[in-house]
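Written below as structure tokens is the structure these notes are about.
Just the heavy atoms: all of them, side chains too, but no hydrogens, waters or symmetry mates, feed the values below. Predicted model only: the values in this text are computed from it and were never measured.
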Amino acid sequence: MEQLLLPLAPAAELPAFLPRDAFARAFRRLGLKRAVPDFQVEFRSFAGMRSTIRLHENRAQVRVSDILAEAPPLVLEALAEILLAQLFRRRPSREARECYMAYTFKPGVRQRIDEARRQRGSKRLLPARGRHFDLAEMFTALNKSFFAGELPAARLGWSLNRSRRTLGNYDEAHRTITITRWFDSPSVPRTLVEYVVFHEMLHMRFPTARNGHRRVVHSVEFRKAEKQFPKYEAALRQLKRLTAGRAAGLD
């Protein structure tokens, strides 16, 4: 007997995921007592993971790094909660921060972030040889003394401005170490400049890591290694004296 096969009914199609829906859900979850804004979300080719939100007449303009264009909906919803919490002066949930952090610290995502920063961004520095100190010479000597010469080559230079806020910075994507031009002065002890360069070199040895929902920039291992600098305490005192009354720090 021939079997009669009935055509299968087409499977119900899942609704397409829309980023603005993620923002609307996150908005409701925050329990804000106001009308849900009209979210306009677009992905932009930023040089990194920058994302912004602006609210005008209950219309929210959201711009998200295109690196997140293929992120799972849950990650975009976590980002939405974080941005909205910043906008309305709320605290995002630990779950949202941890979800977003876990995704952005995946090796493949970190690689795309660094590639975007290198291709779309630029790093302008003054030459390493300044009027009073040579940063490249310091790097070579410190690398030999404290890292057995194992740190890869990095581009060093003085900042364009005499910044008194950011004293030093290591940029992993561009592999650059920038030291504030304010320190290229005969009034600044050489030991202090060496300490700041050493601090930034430690970021090459101990990259930023993740601990749950937190970014760990200066780990326990980092701080332990930092204290190996011969005149560590003296350098801190000099740094404190020079920056007295100013909000300054090392990245």
Side-chain angles (χ1 to χ4, degrees), residues 45-50 65 67 110-208 215 217-219 222-223 225-251:
S45 55
F46 293 133
M49 289 294 285
R50 179 187 177 198
S65 170
I67 297 171
R110 299 304 304 175
Q111 183 177 356
R112 292 201 299 273
I113 294 171
D114 287 345
E115 288 175 354
R117 293 189 62 197
R118 284 191 293 267
Q119 294 172 7
R120 300 168 181 175
S122 61
K123 200 73 177 180
R124 297 177 60 201
L125 306 175
L126 294 177
R129 184 185 293 275
R131 292 185 176 183
H132 303 281
F133 301 111
D134 187 334
L135 298 175
E137 178 187 288
M138 287 185 183
F139 180 93
T140 300
L142 291 167
N143 195 9
K144 182 178 180 180
S145 298
F146 296 98
F147 304 94
E150 296 176 353
L151 286 187
R155 179 185 168 208
L156 284 89
W158 299 98
S159 63
L160 299 182
N161 301 318
R162 292 171 56 85
S163 173
R164 299 194 179 195
R165 185 176 183 86
T166 301
L167 307 179
N169 170 261
Y170 171 62
D171 187 323
E172 183 178 4
H174 294 92
R175 195 177 289 173
T176 59
I177 291 178
T178 308
I179 306 299
T180 175
R181 189 156 57 93
W182 179 38
F183 281 176
D184 189 21
S185 166
S187 64
V188 176
R190 180 183 180 86
T191 304
L192 176 57
V193 182
E194 289 177 336
Y195 162 70
V196 175
V197 173
F198 177 68
H199 177 99
E200 301 309 331
M201 292 172 72
L202 286 174
H203 283 298
M204 300 176 69
R205 173 59 60 87
F206 303 103
T208 300
R215 292 173 71 249
V217 179
H218 300 119
S219 64
F222 184 106
R223 291 303 189 191
E226 187 178 32
K227 292 179 181 178
Q228 294 176 4
F229 189 75
K231 297 182 179 179
Y232 173 71
E233 296 294 342
L236 289 185
R237 288 194 297 270
Q238 292 166 351
L239 193 62
K240 185 176 181 180
R241 184 165 59 251
L242 279 174
T243 60
R246 299 185 181 93
L250 301 172
D251 289 348

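- Atom CG of residue L202 and atom CD of residue E226 lie 6.5 Å apart, to the nearest 0.5 angstrom.
- Proximity of T243 to W182: side-chain heavy atoms (C-beta onward) are separated by under 4.5 Å at one or more points.
- Within the 4.5 Å cutoff, the side chain of F229 has heavy atoms near those of the T191 side chain.
- From R165, atom CZ reaches atom CG of L167 across 10.5 Å, with rounding to the nearest 0.5 Å.
- Note on ring orientation: taking the six-membered ring where Trp is involved, the planes of F222 and H199 are perpendicular (angle over 60°, cut-offs 30° and 60°).
- In this structure, F198 and F147 have tilted ring planes: the angle between them lies in the 30° to 60° band.
- A donor-acceptor contact shorter than 3.5 Å links the side chain of T180 to the backbone of S163.
- Atom CZ of F139 and atom CE of M204 lie 4.5 Å apart (nearest 0.5 Å).
- Rounded to the nearest 0.5 angstrom, R129 CZ and D134 CG are separated by 4.5 Å.
- D171 meets the salt bridge (Lys or Arg N to Asp or Glu O under 4.0 Å) test with R117, K123; sequence neighbours excluded.
- The two residues H174 and G121 come nearest to each other via the heavy atoms NE2-O, 3.9 Å.
- Two residues are said to be in side-chain contact when any heavy atoms from C-beta on lie closer than 4.5 Å; H203 and N169 fail this criterion.
- Across all their heavy atoms, K227 and Y232 have their closest contact at CG-CE2, 3.7 Å.
- Nearest heavy atom pair, residue P189 against residue S187, reads CD-O, 3.7 Å.
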query = Is there a side-chain contact (heavy atoms from CB on, under 4.5 Å) between I67 and F46 once you walk through the steps?
reply = CA-CA 9 Å; I67 297 171; F46 293 133; over 6 Å; no

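- By the 4.0 Å N-to-carboxylate-O rule, R112 lies too far from E115 to be salt-bridged with it.
- The environment of CZ in R118 is crowded: more than 12 heavy-atom neighbours from other residues, nucleotides or ligands sit within 6.0 Å.
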ask   = How far apart are the C-alpha atoms of L135 and I177, what are their side-chain angles, what is the distance that settles it, and do they pass the side-chain contact (heavy atoms from CB on, under 4.5 Å) test?
value = CA-CA 9 Å; L135 298 175; I177 291 178; over 6 Å; no

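- To the nearest 0.5 Å, the span separating OH on Y195 from CD on E200 amounts to 9.0 Å.
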task = Mind running side-chain contact (heavy atoms from CB on, under 4.5 Å) on L156 and V197 for me, showing each step along the way?
result = CA-CA 9 Å; L156 284 89; V197 173; 4.2 Å; yes

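- By the 4.5 Å heavy-atom criterion applied to side chains, F183 and L242 are counted as neighbours.
- Here the side chains of K231 and E194 are not in contact, with every heavy-atom distance at 4.5 Å or above.
- S65 places a side-chain N or O within donor-acceptor distance of the main-chain N or O of G48, the cut-off being under 3.5 Å.
- Within a 6.0 Å sphere centred on CZ of R223, heavy atoms belonging to other residues, nucleotides or ligands number more than 12.
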task = Please test I179 against F133 for side-chain contact (heavy atoms from CB on, under 4.5 Å), starting from the C-alpha separation and ending with a verdict.
result = CA-CA 11 Å; I179 306 299; F133 301 111; over 6 Å; no

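- A 4.5 Å side-chain heavy-atom check between L126 and L160 finds at least one atom pair inside the cut-off.
- Across every non-hydrogen atom of S185 and H132, the tightest pair is CA-CD2, 3.7 Å.
- Using modelled atom types, one side-chain atom of W158 and one backbone atom of A128 make a donor-acceptor pair closer than 3.5 Å.
- The distance from the CD atom of Q119 to the OG atom of S45 is 11.0 Å, given to the nearest 0.5 Å.
- L142 and M201 make their closest contact through CB-SD, 3.8 Å (heavy atoms, listed as atom of the first residue, atom of the second, distance).
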